[in-house]
Novice: 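First, the structure itself, so that you have it in front of you.
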Amino acid sequence: MPELPTQYAPADVETRSYERWVSRGYFTADPGEASSAGVEPGGAEQSGAREPYSVVLPPPNVTGSLHIGHALDHSIQDALTRRARMRGHATLWLPGMDHAGIATQNVVERELAKEGLSRHDLGREAFVERVWQWKEESGGRILGQMKKLGDGVDWSRERFTMDPGLSKAVQTIFKRLFDDGLIYRAERIINWCPRCLTALSDIEVEHSEDEGELVSIRYGDGEAAIIVATTRAETMLGDTAVAVHPADERYRHLIGTEVELPLTGRMIPIVADEHVDPAFGTGAVKVTPAHDPNDFEIGRRHSLPSITVMDERGTITVHGPFLGLDRFEARPAVVAALRAEGRIVAEKRPYLHAVGHCSRCKTVVEPRLSLQWFVDVSPLAKAAGDAVRDGRTRIHPPELAKRYFDWVDDMHDWCISRQLWWGHRIPVWYGPDGEIVCVGPDEQPPAGYVQDPDVLDTWFSSGLWPFSTLGWPEKTADLAAFYPTSVLVTGYDILFFWVARMMMFGLYAMDGQPPFRVVALHGMVRDQYGKKMSKSFGNVVDPLDWIERYGADATRFTLLRGANPGSDVAISEEWAAGSRNFCNKIWNATRFALLNGANVAAPLPDSAELTASDRWILSRLASVTASVDAAYEEFEFAKVADLLYHFAWDEVCDWYVELAKIQIAAGHEHTKLVLGHVFDALLRLLHPLAPFVTEELWRALSGAESIMVAEWPTADATRIDAVAEAEIGAVQNLITEVRRFRSDQGLKPGQRVAARLDLEGTPLASHERAIRTLLRLDEPADSFAPTARLTVASVVVELDTVGAIDVAAERKRLEKDLATARKEAAQSEAKLGNEQFMAKAPDDVVAKVRARQTQALADIARLEAQLAALPAG
RNA sequence: GGGCGCUUAGCUCAGCGGUAGAGCACUCGCCUUACAAGCGAGGGGUCACUGGUUCGAACCCAGUAGCGCCCA
């Protein structure tokens, strides 16, 4: 057995343990051992069969790095999969990354810009080659972070969304959707980023309340004049109508007439449309079909022309004076020109309104009319909703399911083409005469055809993640064994976009089998004041920094200890230090057990051969084990961590270890077996939360290879022992009371005091030795002359404090206790005197109150007597 | 504008019908041979507000206020 230092040094053990786990293949899943039955996450029963338990890691963006939110997400998955392995499941935790089309391309373009180059200077092929180089570098950093965290992922199955196999999956499903008529090409208004120069889907647009302007403009003159309000005056150059509500009396006479569009001299019609809100502004709206999604719909209904007035960079392309101006320069210029003509009726500035921004670069998104590829999501979204409605997939916590339904039940068609170079190229080829051919993975395009230059949205490939990573479309052993996955662990922030997409594709590709049995959602990591972490605020925690300073176990434990289902996690430096202290506590307690010959090998004796202390801690262990299992079922990691923290520290360390010392000194050899058993179980229970420290200690304790392959403890109900729990509870109570007296009296902890205990006939009778030792009470000599007398639950303790006792302190104490007892007596008396209460409250509640009253009255009598007996002053 | 959630000790959060809890922070005393990253003791809360239901409400219901998130 190696000597353990008195302080746990995480850095010494973490790298070593991790490398050993990997080299021994503990993380590597074996589908051959998995039955196809599947198992509920958490697992209801410990089964003899190697039932599969599978989790796919939500793939981080290859171009980023792991932040503390990832650390939380990973800690949860690691805890679940480590426990599943210990429970005997054929366990897979599959890692990987996604190619993050826009983000990655942006990063590499920025690099190029430093060299004074653009991607066009390199050309598509060379640029993509360059992105792959960056991917290796950036991805490697993430892998290093995962190892530091201790992630027990199956590295042999690491995947990347651009891998050949996953690319084949993309092409396969594209072809299937295309052939089923669920992918189509159409000219629509899409979200366009004029900086990234690509289309975006709805979810890649972030809305914020921004300050803008609301300008009211008079179109036409005299009788025929009509006033419209807009936040985007520059788009008036592309107006092709004014719309009013058909029932709006103010404008009824104008419907069907034409009005002159200022600055342009064009005549545009006034049309009636149900979708105009008569209550908003003047009730008349300008219609710019090429630059607004709502206007586009109005245009379609009324067969209006679309006039595009900006190019892909947001530069005005029409009407002399404004030609070449950026859209934000054009806006004031257009307003000024209108004002010069006396057409500005009102201006409101600043005007708060919702503005969409590119989620990648924050540029204001421009609604743009363009030809793009779309997925018709209606049948897919319906299926995705139904799978949750009928319980094939459970969203946890269930309150969040509503958000999922809100999204999938009202989903717009999904724009999947991106004008980028980095990504999966759209597998559609165009013939010389406008023919369109979708090419499957094993097919060749006809000669002379040209492939669509665009690539697919990254979410298109990450939506396939739960099965493309397992080998789909091939019928692999992994797919058979591990799909559907047991649980998806992710933040509630991407519930609707990523999760919904995986649900849609999984159900579509896998014959109605959803990709997960459970979606377990966690919250965001926040700082100690509940504030969002942000670079500008300077409150960001780097997980690697914490791992270095407090250890990976402490970092993980801090996160898990705050992880209540679906709610945010607040963390701080001080709590990380607290977790480190806890690891150190476990370290030293186990060190104590080892130094005292804790024995794991031999079986535990029957209860009859054990002391009450032994039976008590084993009873507590059984309860705690059962509670931990129950908490895992509900993904209540905070509860798991809390249960084990308190059991380990308050019960095992503070009491059992102290009692065990006394038993060992008295020659109770079986204590070593109990110590061994308790620490063995405790370390195994803690292992999923704190893998490194538990591995190091457990190997020393057991002499076995690795705690990773040890069995998960089972709650032994036969060890539940109410008698022992009551007995030790009484011991704790007595000891605490006497310690309180000692503390009040200013007696130093180490100072020995003579005392007479009368424990005859009480449950404490067999614990006199422990009580005297823990309280440092000597046997009374013949000359014993007590100076103080305490009564604790009918046990009388007389002490000779050697010298005058602090009467004032004692009086204060007694008066405080007396006040508490009186309050208690008054409360219970009021209840017992209440006829309604006596008539309607359940018997056990009445009995409890009665017992409380009896106790309170006894306490009052005792305390009053003690106060009366105190010397004056 | 629509929807959801939150408000409990200084801070972060549990508790969700029957005596208000935890961690950290705070006060006092201790190097008591596993651990000072520790040990012992202690102080601290009209459970946002107003009504209602109930024998009994932090907990259930209604309303009010403040905060947060999502969607438009």
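Naming: A, B, ... by sequence-line order, numbering from 1 per chain.
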Novice: Looking at B/rG18, B/rC35, B/rC70, which one has an atom nearest to any side-chain atom of A/N588?
Specialist: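 Closest of the options to the side chain of A/N588: B/rC35.
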
Novice: Could you tell me whether A/S828 contacts a base, only the sugar-phosphate backbone, or nothing, with contacts defined as non-hydrogen atoms closer than 4.0 Å?
Specialist: nothing

Novice: Contact class for A/R742 (heavy atom, under 4.0 Å): base, sugar-phosphate, or nothing?
Specialist: nothing

Novice: Please determine if A/R699 and A/E696 form a salt bridge, counting it only when a charged side-chain N lies under 4.0 Å from a carboxylate O.
Specialist: no

Novice: Cut-off 3.5 Å, side chains only: do A/Y492 and A/D568 have a donor facing an acceptor?
Specialist: yes

Novice: Counting only pairs under 3.5 Å, give me each side-chain donor-acceptor contact of residues 656-664 of chain A, with atom names and distances, residues two or more places apart or in other chains.
Specialist:
unit_1, atom_1, unit_2, atom_2, d
A/Y656, OH, A/D614, OD1, 2.6
A/E658, OE1, A/K661, NZ, 3.3
A/E658, OE2, A/K661, NZ, 3.2
A/Q663, OE1, A/T611, OG1, 2.5
A/Q663, NE2, A/D614, OD1, 3.0
A/Q663, NE2, A/T671, OG1, 2.8

Novice: Would you measure the distance from the P atom in B/rA14 across to the matching atom in B/rA72 and give it in whole Å?
Specialist: 29 Å

Novice: Tell me: CZ of A/R813 to C1' of B/rC28, nearest whole Å?
Specialist: 13 Å

Novice: I need a per-nucleotide contact map over nucleotides 7-16 of chain B, read 5' to 3'. Cutoff is protein heavy atoms under 4.0 Å; write B for the base, S for backbone only, - otherwise.
Specialist: ----SSSS--

Novice: Using a 3.5 Å cut-off and no angle test, enumerate the donor-acceptor pairs between side-chain atoms of residues 829-836 of chain A and protein atoms at least two apart in sequence or in another chain.
Specialist:
unit_1, atom_1, unit_2, atom_2, d
A/N834, OD1, A/Q836, N, 2.8
A/N834, OD1, A/F837, N, 3.1

Novice: Mark yes or no for a side-chain to base donor-acceptor pair under 3.5 Å between A/R739 and B/rA41, with no hydrogen or angle criteria applied.
Specialist: no

Novice: B/rA37 base to A/K585 side chain: any donor-acceptor pair below 3.5 Å?
Specialist: no

Novice: B/rG42 C1' sits how many Å from A/E737 CD, rounded?
Specialist: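 Checked: the CD to C1' distance equals 13 Å.
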
Novice: My understanding is that only one of A/K812, A/R740, A/R862 makes a salt bridge (Lys or Arg N to Asp or Glu O under 4.0 Å) with A/D817; could you say which?
Specialist: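 When A/K812, A/R740, A/R862 are each tested with A/D817, the salt bridge (Lys or Arg N to Asp or Glu O under 4.0 Å) holds only for A/R740.
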
Novice: Regarding A/R188 and the six-membered ring of A/F296, is the cationic atom NZ or CZ under 6.0 Å from the ring centre and inside 45° of its axis?
Specialist: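 Geometry flag: not set, cation outside 6.0 Å or 45°.
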
Novice: Between B/rA58 and B/rG21, how many Å separate the two P atoms, rounded to a whole number?
Specialist: 14 Å

Novice: Please determine, for the side chain of A/Q7, which listed nucleotide (B/rC24, B/rA37, B/rC35) has the closest atom?
Specialist: B/rA37

Novice: Counting only distance, no hydrogens or angles, is the base of B/rC30 paired donor-acceptor with the side chain of A/K748 under 3.5 Å?
Specialist: no

Novice: If B/rC6 has a Watson-Crick or G-U wobble mate with both distances under 3.5 Å, name it; if not, just say none.
Specialist: B/rG66

